[in-house]
Amino acid sequence: MEKRVSEIFGSMVFNDDVMRERLPREVYKSLTKTIATGRTIDKSVADVVANAMKDWAIEKGATHYTHWFQPLTGVTAEKHDSFIAPVGNCKVVMEFSGKELIKGESDASSFPSGGLRATFEARGYTAWDPASYAFVKDGTLYIPTAFCSYTGEALDTKTPLLRSMDAISNQGLRLLRILGDTTCRRLTTTVGAEQEYFIIDKELYDLRKDLRFTGRTLFGAPAPKGQEMEDHYFGPIKPRIAAYMADLDEALWTLGINSKTKHNEAAPAQHELAPIYATTNTAVDHNLLIMEYMKKIAERHGLVCLLHEKPFEGVNGSGKHNNWSLITDEGKNLLDAGKTPAENIKFLLILAAIIKAVDDYQDLMRISVAYAGNDHRLGGGEAPPAIVSIFLGEELEQIIRAIIDGKTYEGVRAGVMDLGIPTIPTFRKDTTDRNRTSPFAFTGNKFEFRMLGSSQNIAMPNIVLNTTVAESFRQFADALEGAENLDTAITELLRQTFATHERIIFDGNGYAKEWTEEAARRGLLNLPTSVDAFKCFNAPKNVEMFARHGVMSKIEIDSREEILFENYAKTVNIEALTMIEMASRDIIPAVSAYLADLASAVSAKQSVLPDLSCKAEKEILRRLSILNDRAFTELEMLKSVDRKAAAVCGMAEKAEAYRDLVLPAMTALRSTVDEMETLTSSEYWPLPTYGDLMFNV
Ligand code: ADP
Ligand code: MG
């Protein structure tokens, strides 16, 4: 197996090894330089690369190529063109030019553009991202690309992501130069996204309209057993799941995706996959492919992979942990504290920059993980709260305290202090336990952003992290450039930054009610729902910040905000309509049928034996009838508020109406139906139960 894995790994990827082998030396050098420095590619180089790519892809069985992009729908998009070019005499040759590699034209009019479409031409362009490797999948050469409007506005998630990676590199380099680093040429952010998911049986899935239309169960009484025994977490993997995971790993390895860790998660039927980290744009592409393959391979095993944040009430939902760090082109992880005070200074400045970024832009952090699905999870006592805070661990917190107070850090051995800046202690990386409830936790040599939902594209959280940290770097570089005494300036900058932003640091229990009150006292933002969060997106401070670093213009932000509101409203609307259909056509009729049979049973029994009380049947009949009537009233209510919400003008107002009118009506109907489920004979109940769904694989 070992040999086989190393043979198949990356075998369908046009990666560095393939490029070195197949490209002329000069072209290879030029291309890798482009990738390393983030510059634009030379046209003549592109032609040679395209040709080599095509020959390689054909050997791998490809007949088509596609510019693979990430429109604002949240999923990926592709349009396939074949390589064939006619050469007269009814003959064709296989061709692929540099022009076709670099740029594609695509009709943008059917992709969400949040109002950009009204003002700009429908045409859109896809542009090759040479830093994310092309690959062959199902007979097609996939070229990762960015997607822009004719006038250059980003219509996707990759364009601002690449821009944000440039921003943090540019500003970070300024800071490194001030600290005496003369050799580093580029800073890159690295990301490892741990992905949670549920696996259930396909036959049962097919019987549930809610799962098919919305990805989550809209009805369902709790199973007798949930996750309370904690026997699933890291438990032995069942054979059917193990076979699925093995197939999944193999498919991912072929595409050069470093799928590394797999285990059972907290809830029954829940699992996790973690890859080895990669450069951010590659990590984003890989996460999208991981999600795609999780679903595709499940089908092959008669299973369904649920990526929704909250498929089942009452057990944990699924999230995604975005592990994030910064690395130099010389291979140094800048979030590794290092051993000497000089390295520590660099580390502390970067740490301060990140703390400042998260505090200054709590709203953007929250927005980057906000959508209807994730609202069922955040703050739910299983996932981080909707309030953004940072966990650093005891040692770092003490160091920061000491810097604020201008005191010596006590954990330091004597004698080390006269090196470097007197007030900057030497220390090794933190070793304290992790705080599972923290939204943003330092875990040794990286930060772990834990508010992400399992189904989301991880681009936006990383755009926010990269750009806001770039902004901190910019302010730091401005403050330190030309300082008379650099040591004093750094000490003062650290003291000031830590003092100002200390409020965002919290190592207590984020699930506790007291934290909400404490956070309010500290003046931290609390944006409980997505709709609250979206409203902050185009605040002037955010618009200025994104514009300053060339990551997103006002017009791009406004269009994204519009899409966020729109998606929220659409999601809740689909859920409401699904509930209406299930309640009207499946659930209420099933309960009525059961009631009718109960009633005839009572009269039949009593006609034979008039003295029988038929207490059980009568009591069930009474209770269920009352509930069925109530369900009917609540169903009518849901229909009426859904119509009302649909008629509201203005995207923000509409989203608000869905949140304030429709969601509560859905909750009311669900609670009645779930109670009916517990009283109705399983023979009559029209849906697979939670027990069936979660314990049947
Ligand atoms: P755990 O958090 O479960 O102990 P690890 O710390 O090994 O596991 O890693 C969790 C995730 O963090 C993995 O996906 C891993 O690749 C990623 N990771 C590790 N180091 C970095 C880094 N420097 N930058 C980004 N992600 C990283
Ligand atoms: Mg983790």
Side-chain angles (χ1 to χ4, degrees), residues 9 131-132 161 164-165 168-169 172 184 186-197 233-235 237 245 248-249 252-253 255-266 270-291 293-294 316 318-338 343 346-347 350-351 353-354 357-358 383-384 390-393 428-452 454 456 458-459 461-466 469:
F9 190 86
S132 183
L161 180 73
S164 75
M165 290 171 72
I168 195 169
S169 180
C184 172
R186 175 134 180 119
L187 283 186
T188 319
T189 52
T190 50
V191 165
E194 301 164 64
Q195 174 77 46
E196 291 179 344
Y197 61 101
Y233 190 56
F234 278 43
I237 300 172
M245 287 176 166
L248 178 61
D249 273 344
L252 296 176
W253 288 337
L255 291 175
I257 297 170
N258 279 302
S259 168
K260 168 90 175 157
T261 312
K262 49 189 177 187
H263 62 77
N264 288 349
E265 256 301 326
Q270 192 183 29
H271 312 277
E272 181 182 295
L273 182 152
I276 297 174
Y277 66 92
T279 305
T280 305
N281 55 329
T282 301
V284 172
D285 291 352
H286 283 183
N287 183 252
L288 287 162
L289 287 167
I290 287 172
M291 291 194 285
Y293 272 84
M294 279 182 164
N316 277 7
S318 299
K320 196 136 54 182
H321 290 176
N322 190 88
N323 294 274
W324 179 94
S325 191
L326 260 174
I327 196 168
T328 68
D329 59 343
E330 290 158 332
K332 169 135 184 53
N333 179 352
L334 293 176
L335 283 176
D336 215 330
E343 285 172 6
K346 202 185 288 177
F347 171 78
I350 288 167
L351 184 69
I354 295 170
V358 173
I390 302 179
F391 170 82
L392 290 178
R428 299 297 302 279
K429 78 177 173 198
D430 182 74
T431 49
T432 51
D433 266 338
R434 301 180 190 175
N435 180 332
R436 304 291 305 173
T437 67
S438 177
F440 196 70
F442 183 68
T443 48
N445 59 2
K446 62 189 191 293
F447 272 98
E448 192 167 333
F449 188 16
R450 303 201 182 110
M451 294 171 87
L452 286 75
S454 48
Q456 80 173 101
I458 62 172
N462 288 295
I463 292 168
V464 168
L465 275 173
N466 295 347
V469 174

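Atoms within a ligand are numbered from 1 in the order they appear, just like the ligands themselves.
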Between [X] and ligand 1, does any nitrogen or oxygen pair lie at a separation below 3.5 Å?
X	value
E448	no
Y277	yes
P275	yes
E194	no
W324	no

Do D285 and S132 have side-chain atoms, one donor and one acceptor, less than 3.5 Å apart?
yes
Distance-only donor-acceptor check, side chains T188 and T279, under 3.5 Å
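Per modelled atom types, T188 and T279 side chains form no pair under 3.5 Å.
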Run the ring-ring contact (aromatic ring centres under 6.0 Å, His included) test against F440 and tell me which residues pass, sequence neighbours left out.
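F440: ring-ring contact (aromatic ring centres under 6.0 Å, His included) contacts with F447, F449.
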Going by the atom numbers of ligand 1, which of them fall below 4.0 Å from some non-hydrogen atom of I276?
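Those qualifying, in numeric order: 16 (O).
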Distance under 4.0 Å to a non-hydrogen atom of N333: what atoms of ligand 1 satisfy this?
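Result: 23 (N).
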So, using side chain to side chain donor-acceptor pair (under 3.5 Å) as the criterion, who are the partners of S438 when residues are at least two apart?
none
If we check side-chain contact (heavy atoms from CB on, under 4.5 Å) with H271, which of these qualifies: M245, E265, Q195?
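In the set M245, E265, Q195, the residue that makes a side-chain contact (heavy atoms from CB on, under 4.5 Å) with H271 is M245.
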Can you name the closest pair of heavy atoms from S454 and K320 and give their distance?
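Shortest heavy-atom contact: O-NZ, 2.9 Å.
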Minimum distance, heavy atoms only, to atom 12 (O) of ligand 1: which one of N323, L273, L334 is it?
N323
